[in-house]
Structures are given as structure tokens and as C-alpha cells.
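Being a predicted model, the structure only gives us computed values, none of them experimental.
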Amino acid sequence: MRLLLVLLVLSAGSVAAAEPIQVTETDQRVIIETSALKAEINKQGYVTGVYRQTFVDKATGFRDAGFGLDIADWIMEPGSDEAYRDRLDEELIYRFGNLYHGNRPKRSIEGPQICTQAKVMQPHVIRGDDFVAVRQQFRYRTAAPGKKTGSLWTQWLVFPQGKRYFISMDRIDAVNDSDAMFLRLDMPGHIRHSGGDTFEEVYLSYHGTIPSSEFAEDFAPEAKFNYRRDSNRVPERFIRAYRLRDPETGRLGPWLAGMTLDPDVVHEAWCHQRGYVCMIEEIGGRPVKAGESFSAAFIVGYFDSIDDMRRVYDAHRGATSLEVTAEGWTLSGPEAE
């Protein structure tokens, strides 16, 4: 492995911003408005990523249809926790053999589930000439027996002026060893619907397009549309998207896509119905030693076509890391020789 050359750098003065990005901070949220998007990051309650139904595409007026975008959960690994469940906090228990988790044994290494249990975040905002970035961090405070607490989750969200998408990264700096540690995320995010009223179809680059009618009844993650790196061919691109639909009028909107820029970092990805379309994605899934880290980089946003998604993806392919200063932001990552 060798370092990939920097894929993209946006720095102060590199692009003449047509207008300043508006940033408003309240006790509850960071509110960002570019020329193309509106987005809100929650400080309290349900946290991480972009808060539910606040991600607005100015070109069409559509917004996300789920519980949030790039939402962070537990640090996990394969295997069952049944032998020590009586010593686990209820929130760390992972029950499998059901429709919502499927049959594959998994267990939490550290918790809690950040999005629902961290409760409070202190986002750090960086304002560049042509972008705004938000960093969020959390140290895990519960752990399975024999494991330490204190691994650090870091998320960057970068909103470039004029783009209908944001760039993000989720990273774990680990304090535990694991043969196959992974971070569980929602990517791009779950889809809330009633009989497919909020979306027309789903696109998975490793499967194809799927009509909303396929999600009329609940089914387990592995029943269909499941991706696993150990049993599927790693795709050229890792893109998961849904075509929005106005539930009131039936009018079709843009695609909302979550694109993992290095397909090889994805351990498993679900796309199944459990009262909503569950778009869980797990990154990592390889050996990690205490003191090491792993990360994934994403582009999340609105596109008019699948070809548009592919063009943007290919411009940033291979990135796993995102670095940000007031002067600019940089995507980089590993490249197989």
C-alpha cells in the first residue's frame, strides 16, 4: 500500500465564492445555508451527521426523507455477546435472529449508540472563503467485558459553496484490539415512508435499481439487497441512493445519494425494510490494534441522475481521510498497487 496523492484541495482564494455561506448557531443547532443547500447539525438530543429533514436542495425544494444523514452508532465486531449478556448494559446488547438485525452474530465493543445516547455535542465550526466545515467528536464511555472505554469518534462535514452535496469523514481512534473492528453508520440515511410514498426507487451500485414496491413488507437484512465484502465482489463504486418523491403530489425529485469513496472500506451494507428502509453501513471490519485508527470518506447529496453521481464519485475515488483547516480541506487515502 502507498499513499494516494491528494484528490482535492479547496483553499482560501482557490474558488471565488459568489456569496458568503450563512452560518447561524443557537443552543440547539448549527444552521448552514450555501447557495445550493440548507442543513442543520443538532447539538442536543438526536445527534451526529445532518439532522433529519433539514437537508434542503434549493434547486428543487426537496429534503431528506429519513432520520438524518451520516449518523453514527457503536463500535462493533463479528461474534455473539450471548455468553456475557447478563453483564452488559441493555443498550450494548445485540440481539440477532430477527427481522431487524438478521441472523449474523455481531457484538458491541464500545458504546453507547452515539446518535441516541450521547445527548450533547459541541460542534466546532471552521469558516473558509468558499466552504464551511463542522467537526464533531465523542469518546465512547461504555464497553463490553474485557474491553476499555475511550475510543474516539471524529466526524467532519464540509459544505462547499455552490455544491448540492457535502463531503464527510468518520474516523475511529481505537483503544481496543479486534480482529475485525467496524463502525456502524447510516449511509446516506434511512428512508421513512408509507407504502413508498416518499421515494420512487433505490439505487445500489452493487445491485442496480430497486422499485419502492420491494419495500412494502418487512424483511431481514440478508434476505435481499445485502452487501458483504467477504461474499460479494467489491464494486467499482460504492453508491447508495434513493429517488425522492413528494408524498402529497407524487412529483419526482432528485436522487439523494451516499457515496463511500473507497469501496474496499465497506464491511457490510444493509438495505432492508423494518418499518422504514434501513440503510445501515459498516466501515472497517479488519484487524485493529489499540492505538490504531480507521476511517472512511463520503459524499452525500443531491443528484439529477445516476450518471451525475458517477462523475462526482470518479473525481474523488479512493479517499478515506478528510483534513480541514481554515485555509482549505483535503481528501486523501490509500491506493492499492
Side-chain angles (χ1 to χ4, degrees), residues 49-50 52-57 59-71 73 96-104 164-165 184-229 231-233 235-260 263 266 268-282 298-310 312-313:
V50 174
R52 67 186 76 179
Q53 278 118 61
T54 69
F55 189 57
V56 180
D57 178 33
T60 63
F62 276 84
R63 63 183 65 218
D64 61 290
F67 300 97
L69 303 168
D70 196 350
I71 303 299
D73 288 347
F96 55 93
N98 51 55
L99 287 180
Y100 54 94
H101 284 160
N103 294 321
R104 192 179 189 188
R164 296 168 71 193
Y165 55 78
R184 176 168 281 191
L185 303 166
D186 303 343
M187 180 54 60
H190 305 323
I191 312 170
R192 300 169 71 181
H193 69 101
S194 178
D197 60 340
T198 60
F199 73 108
E200 173 76 6
E201 57 187 333
V202 167
Y203 170 69
L204 305 175
S205 59
Y206 47 89
H207 179 86
T209 55
I210 307 162
S212 59
S213 58
E214 288 284 345
F215 302 94
E217 303 291 337
D218 289 353
F219 58 90
E222 66 268 24
K224 48 185 176 178
F225 316 133
N226 183 241
Y227 171 84
R228 285 175 51 177
R229 189 176 55 213
S231 57
N232 293 79
R233 181 181 63 84
E236 182 181 6
R237 306 174 186 91
F238 208 92
I239 302 174
R240 290 146 60 82
Y242 58 95
R243 179 88 186 271
L244 284 155
R245 176 163 55 198
D246 187 326
E248 301 291 330
T249 67
R251 177 173 69 97
L252 292 181
W255 291 89
L256 178 50
M259 309 195 294
T260 309
V266 181
E268 184 169 355
W270 299 355
C271 181
H272 75 110
Q273 175 68 19
R274 51 172 290 185
Y276 53 86
V277 181
C278 177
M279 298 288 273
I280 280 173
E281 182 172 315
E282 297 166 351
F298 312 93
I299 290 177
V300 180
Y302 295 104
F303 298 88
D304 292 327
S305 68
I306 293 172
D307 282 343
D308 286 345
M309 300 178 215
R310 291 169 176 161
V312 172
Y313 190 102

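The minimum heavy-atom distance linking Pro188 with Leu256 is given by the pair CG-O, 4.2 Å. Of all heavy-atom pairs spanning Pro254 and Asp57, the tightest one is CG-OD2, 3.7 Å. Looking at every heavy atom in both residues, Gly49 comes nearest to Ile71 through CA-CD1, 4.3 Å. For the residue pair Met309 and Ala257, the shortest heavy atom distance occurs at SD-CB, 3.8 Å. Gly258 and Val300 get closest at one heavy-atom pair: CA-CG2, 4.3 Å. Contact detail for Asp218 and Gly275: the closest heavy-atom pair is OD1-N, 3.0 Å.
Atom CD1 of Ile191 and atom CZ of Phe67 lie 11.0 Å apart (nearest 0.5 Å). Ile280 CD1 to Asp186 CG: the interatomic distance, rounded to the nearest 0.5 Å, is 6.0 Å. The structure places CZ of Phe298 at 4.5 Å from CE of Met187, a figure rounded to the nearest 0.5 Å. Put simply, CG on Leu99 and CD on Glu217 are 11.0 Å apart, with the number rounded to the nearest 0.5 Å. Between the CH2 atom in Trp255 and the CD1 atom in Ile239 there is a gap of 10.5 Å [rounded to 0.5 Å]. Put simply, OG on Ser305 and OH on Tyr203 are 10.5 Å apart, with the number rounded to the nearest 0.5 Å.
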Exercise for the section: Show your reasoning for whether side-chain contact (heavy atoms from CB on, under 4.5 Å) applies to Glu282 and Arg229. Expected result: CA-CA 10 Å; Glu282 297 166 351; Arg229 189 176 55 213; over 6 Å; no

Practice task
Go through the steps for Arg63 and Phe55 under the test side-chain contact (heavy atoms from CB on, under 4.5 Å), then give the verdict.
Solution key: CA-CA 5 Å; Arg63 63 183 65 218; Phe55 189 57; 5.7 Å; no

Practice task
List the steps, then state whether side-chain contact (heavy atoms from CB on, under 4.5 Å) holds for Arg251 with Phe62.
Solution key: CA-CA 10 Å; Arg251 177 173 69 97; Phe62 276 84; 3.3 Å; yes

Practice task
For side-chain contact (heavy atoms from CB on, under 4.5 Å), just list the numbers for Leu244 and Tyr302, CA-CA rounded to whole Å, side-chain angles, deciding distance to a tenth of an Å, and then say yes or no.
Solution key: CA-CA 10 Å; Leu244 284 155; Tyr302 295 104; 3.7 Å; yes

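For Arg104, the salt bridge (Lys or Arg N to Asp or Glu O under 4.0 Å) criterion is met by Asp230, Glu268, not counting sequence neighbours. Considering only residues two or more places apart in sequence or on other chains, Tyr276 meets the side-chain hydrogen bond (donor to acceptor under 3.5 Å, both in side chains) condition with Arg274. Listed by chain and number, the residues in a side-chain hydrogen bond (donor to acceptor under 3.5 Å, both in side chains) with Thr209 amount to none (sequence neighbours excluded). For Asn103, the side-chain hydrogen bond (donor to acceptor under 3.5 Å, both in side chains) partners two or more places apart in sequence, or in a different chain, are Glu222. For Trp270, the ring-ring contact (aromatic ring centres under 6.0 Å, His included) partners two or more places apart in sequence, or in a different chain, are His272.
Here the two rings, on Tyr242 and Phe215, have centers that are 6.0 Å apart or farther.
Contact of the His207 side chain with the Asn232 side chain is not registered, since no non-hydrogen atoms from C-beta on lie closer than 4.5 Å. Side-chain contact check for Arg237 versus Met259: every heavy-atom pair is 4.5 Å or farther apart. Two residues are said to be in side-chain contact when any heavy atoms from C-beta on lie closer than 4.5 Å; Ile299 and Val312 meet this criterion.
A salt bridge (charged side-chain N to carboxylate O under 4.0 Å, His left out) check over residues 192-216, counting only residues at least two apart or in different chains, returns the pairs Glu200-Arg245, Glu214-Lys224.
Ring pair Tyr227/Tyr206 is tilted by interplanar angle, where 30° to 60° counts as tilted.
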